[in-house]
Number of protein chains: 2
Amino acid sequence: MATISDVVKLSGLSKTTVSRVINNHPYVSKENREIVLNSIKELGYVPNPSARRLRGQLTTTIGVIIPRIVNPFFSYLVNAIEQAAFKQGYQVLISQSNEDKNKEIAFLNLLKTKQVDGIIMTSIENDWDIIQSYKEYGSILLCNDYVNQDVFPMIRLDQVKGAYLGVRHLIERGHQKIAYCTGGLFDDEGKGKDRNHGFQKALNEAAIKVNPKWIFIDQHTVEDGKRIMKQIVEMDDRPTAIFTGSDQVAGGMIMEAKEQGLTIPDDLAIIGFDDQPIAEILDPKLTTIRQPVDQLGEKSIEVMIEMLKNPDMEIKSYELPIELIVRQST
Amino acid sequence: MATISDVVKLSGLSKTTVSRVINNHPYVSKENREIVLNSIKELGYVPNPSARRLRGQLTTTIGVIIPRIVNPFFSYLVNAIEQAAFKQGYQVLISQSNEDKNKEIAFLNLLKTKQVDGIIMTSIENDWDIIQSYKEYGSILLCNDYVNQDVFPMIRLDQVKGAYLGVRHLIERGHQKIAYCTGGLFDDEGKGKDRNHGFQKALNEAAIKVNPKWIFIDQHTVEDGKRIMKQIVEMDDRPTAIFTGSDQVAGGMIMEAKEQGLTIPDDLAIIGFDDQPIAEILDPKLTTIRQPVDQLGEKSIEVMIEMLKNPDMEIKSYELPIELIVRQST
DNA sequence: TTGTAGGCGTTATCAC
DNA sequence: GTGATAACGCCTACAA
């Protein structure tokens with residue numbers, strides 16, 4: 001592989017001049033710039049990123065932490081991020097945290113060793129102040145997650161509104177007995193708190209009380225959905241509608257409900273979250289909350305690159321619109 | 001960030017000794033090893049990968065090229081690869097080729113600059129001899145794709161058998177009029193040739209002739225499936241069964257078929273490929289060909305690391321089993 | 001406008 | 001067993 005020295009030899013100029021050309025610095029005569037450029041082309045020279053990193057330069061690599069890539073929400077998000085980054089000449093290094101604190105830390109350490117210029121975090125497992133201690137080593141951006149501190153730029157979706165829209169829609173359809181199923185907890189402060197607030201807000205407006213028996217927490221998969229549906233079928237007092245935190249779970253519910261002879265939406269209305277491809281594949285097609293994943297990824301890269309270029313940038317946050325997609329399951 | 005020099009100062013030993021300890025070299029006394037190890041722990045020292053790379057060491061990073069991450073087959077594959085690599089202390093750098101030759105080349109160039117030790121390619125866009133020219137810069141492994149040359153180790157699935165099993169199953173169910181839908185071409189040599197061979201083999205055994213009107217090439221998405229089903233419905237002479245190259249396409253077909261008032265599998269049997277999560281979500285549940293994605297990823301990493309440790313390793317290839325999963329759509 | 005020289009953090013070579 | 005020292009490829013004071 002050709003190095004800068006090869007270019008120096010071929011061009012007959014100095015390392016400095018060559019380096020200046022490579023980095024688009026001023027103070028190089030037109031003629032010399034030409035000569036260097038030609039030599040570079042002739043040799044097929046590409047600067048060695050390791051040397052640059054060692055020298056303390058930018059890596060043009062952005063890290064992305066996601067819980068798991070097989071979750072379509074995140075694979076679509078990663079796709080958007082990767083495409084946007086590539087356009088700007090950045091590489092993307094992806095890590096799955098699997099919701100493991102240690103893996104998250106291991107990945108953040110890449111900042112310390114200048115392996116990545118910045119990290120986009122789509123979920124934070126460790127406490128925010130631990131994460132914050134890595135800020136001095138590189139840029140950190142929160143995407144689709146947040147902390148109640150103005151320490152990181154955040155690109156968010158309005159989850160309160162998302163849940164609110166969904167639940168209000170169920171109420172408008174005449175439902176009063178509404179179950180709630182979340183991937184987080186049913187706390188005011190825990191994971192998924194925003195959606196919980198949206199849920200509560202819609203119920204409060206309609207003066208409906210929460211039935212604790214109809215609250216299901218920490219549910220993520222198709223299997224989870226099936227299991228819950230079995231439980232619901234056995235209840236004496238059944239809900240007439242269910243708001244779920246994921247299309248996957250909603251999908252499982254629909255399948256199991258049909259298995260059990262229930263008609264959707266007549267016996268039970270179901271609403272998902274994400275608007276994943278399966279939402280349109282399910283029968284009946286799933287009413288759900290669409291999250292603008294592509295925008296989320298693009299905006300994240302845009303802001304990240306802005307941070308990289310100007311590390312002292314003011315910390316701003318962005319909230320992207322979220323919308324209700326009504327199909328057949330409600 | 002602590003460097004080796006910090007460890008040197010704290011331990012009172014030389015760089016050489018410290019480096020030896022870090023790299024598990026012999027010729028360090030037990031006592032000194034202890035001292036160094038303690039200093040490392042105290043400082044939270046981590047070797048700087050950029051410096052190592054520059055020095056010509058391994059990067060402990062493996063690149064993976066996939067066509068697109070939003071295809072569940074590849075997101076599951078990437079997941080398996082990432083998990084397996086992480087266990088071995090390797091990072092994974094993912095690139096989507098989007099089936100673009102240039103992007104593939106751009107990624108292969110990471111080998112030249114020692115950004116990655118090796119690359120796992122899940123699809124090759126450029127000619128194999130171009131790819132081969134990168135072999136001198138690092139290890140290249142073909143995963144789920146192959147060339148008819150013994151130049152790269154390959155981890156493959158037996159696609160001939162996969163297609164054969166599916167089509168034979170349709171024939172056993174009494175079908176004679178079988179349509180075929182592929183993500184590749186219907187050539188003897190082009191993309192998807194193996195599945196074509198499997199398809200032909202099964203037909204030949206039953207002395208069934210191919211109807212060219214029932215061959216659909218370059219089909220990938222749910223939308224493609226819907227479109228094809230519309231075409232089929234309009235045909236005077238309709239097939240009674242369809243073998244598809246993807247669960248996505250099969251899913252689209254099922255949806256559209258139902259829309260058009262067809263009953264599956266009675267009016268039309270449909271078989272997918274991949275056994276993606278939607279296969280179980282579809283109604284009726286989809287008969288499909290299961291590809292052992294996790295094994296594919298694990299084996300790929302296993303062989304890649306073997307290659308990295310022993311670059312002169314004999315080039316071996318592996319073929320993983322593939323199986324028919326019978327559900328309700330046939 | 002151009003060139004020289006030093007250092008980023010690491011490992012390998014060689015001498016002790 | 002141990003320790004100087006050079007080298008990997010690059011960028012940037014500083015000097016000219």
Side-chain angles (χ1 to χ4, degrees), chain A residues 1-37 39-40 43-61 109-117 137-138, chain B residues 1-37 39-40 43-61 89 109-117 137-138 308:
Chain A
M1 195 59 198
T3 76
I4 199 173
S5 304
D6 297 322
V7 180
V8 166
K9 274 179 211 149
L10 185 60
S11 65
L13 293 161
S14 74
K15 261 209 255 188
T16 314
T17 305
V18 173
S19 176
R20 285 211 175 102
V21 172
I22 295 167
N23 297 287
N24 272 316
H25 282 311
Y27 302 120
V28 181
S29 65
K30 288 240 185 260
E31 307 82 54
N32 283 347
R33 187 177 296 276
E34 270 311 304
I35 296 176
V36 172
L37 253 18
S39 307
I40 288 178
L43 292 166
Y45 165 78
V46 185
N48 180 318
S50 299
R52 288 182 147 177
R53 287 172 206 202
L54 186 55
R55 193 61 184 57
Q57 290 304 111
L58 292 185
T59 66
T60 63
T61 300
N109 273 321
L110 297 184
L111 285 174
K112 286 196 183 177
T113 53
K114 284 260 179 296
Q115 298 263 76
V116 295
D117 297 332
Y137 304 111
Chain B
M1 195 59 197
T3 75
I4 198 172
S5 303
D6 297 322
V7 180
V8 166
K9 275 179 210 148
L10 185 60
S11 65
L13 293 161
S14 74
K15 260 204 236 187
T16 314
T17 304
V18 174
S19 177
R20 283 207 177 105
V21 173
I22 296 167
N23 297 286
N24 271 317
H25 282 311
Y27 301 120
V28 180
S29 65
K30 288 238 185 261
E31 307 81 52
N32 283 347
R33 189 178 295 277
E34 270 310 306
I35 296 176
V36 172
L37 254 18
S39 307
I40 288 178
L43 292 165
Y45 164 78
V46 185
N48 181 319
S50 299
R52 288 182 143 176
R53 287 173 206 200
L54 185 55
R55 194 62 185 68
Q57 289 303 110
L58 293 186
T59 66
T60 62
T61 300
N109 274 321
L110 297 184
L111 285 174
K112 287 196 182 176
T113 51
K114 285 259 180 296
Q115 297 262 75
V116 295
D117 296 333
Y137 304 111
L308 260 23

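First the proteins, then the strands, lettered A, B, ... as listed; each starts at 1. Not measured: the values here are computed from a predicted model.
Side-chain nitrogen and oxygen atoms of Thr3(A) include none within less than 4.0 Å of the OP1 or OP2 phosphate oxygen of dC8(D). For the OP1/OP2 pair of dC8(D) and a distance below 4.0 Å, the side-chain nitrogens and oxygens of Asn48(A) include no atom meeting the criterion. Considering only side-chain N and O atoms, Thr16(B) lies nowhere under 4.0 angstrom from the phosphate OP1 or OP2 of dG3(D). Not one side-chain nitrogen or oxygen of Ser14(A) sits closer than 4.0 Å to the OP1 or OP2 atom of dT4(C). For the pair Arg52(A) and dC11(D), the criterion of a side-chain N or O lying under 4.0 Å from OP1 or OP2 is met. Of the side-chain N and O atoms in His25(A), none sit less than 4.0 angstrom from OP1 or OP2 of dT1(C). Within the structure, every side-chain polar atom (N or O) of Tyr27(A) is placed at least 4.0 Å from both OP1 and OP2 of dA16(D). Contact between the side-chain N/O atoms of Thr17(A) and the OP1/OP2 oxygens of dG3(C) is found at a separation under 4.0 Å. Contact check, Asn32(A) against dT1(C): no side-chain N or O comes under 4.0 Å of OP1 or OP2.
Counting heavy atoms from C-beta on, the side chains of Arg53(A) and Thr61(A) come closer than 4.5 Å. With a 4.5 Å cut-off on side-chain heavy atoms, Val7(B) and Ile22(B) do not count as touching.
Atom P of nucleotide dT1(C) and atom NZ of Lys15(A) are separated by 23 Å, given to the nearest angstrom. Atom pair Arg20(B):CZ and dT13(C):P shows a separation of 11 Å (rounding to whole Å applied). Atom CD1 in Ile40(A) sits about 16 Å away from atom P in dG9(D), given to the nearest Å. Between the P atom of dT10(C) and the CG atom of Asn23(B) lies a distance of 10 Å, rounded to the nearest Å. The distance from atom CG of Leu54(B) to atom P of dC10(D) is 9 Å, rounded to the nearest whole Å. One interatomic measurement links the two molecules: CG of Leu13(B) to P of dG1(D), which rounds to 14 Å at whole-angstrom precision.
Looking at heavy-atom distances under 4.0 Å, Ser29(B) makes contact with sugar-phosphate atoms alone, never a base. Nucleic acid contact class of Pro47(B) (heavy atoms, under 4.0 Å, all strands): sugar-phosphate only.
Between its two ends, the helix from dT1(C)-dA16(D) to dC16(C)-dG1(D) turns its axis by 40°, counting five pairs per end and rounding to 10 degrees.
In this structure, Asn23(B) contributes its side chain and His25(B) its backbone to no donor-acceptor pair below 3.5 Å.
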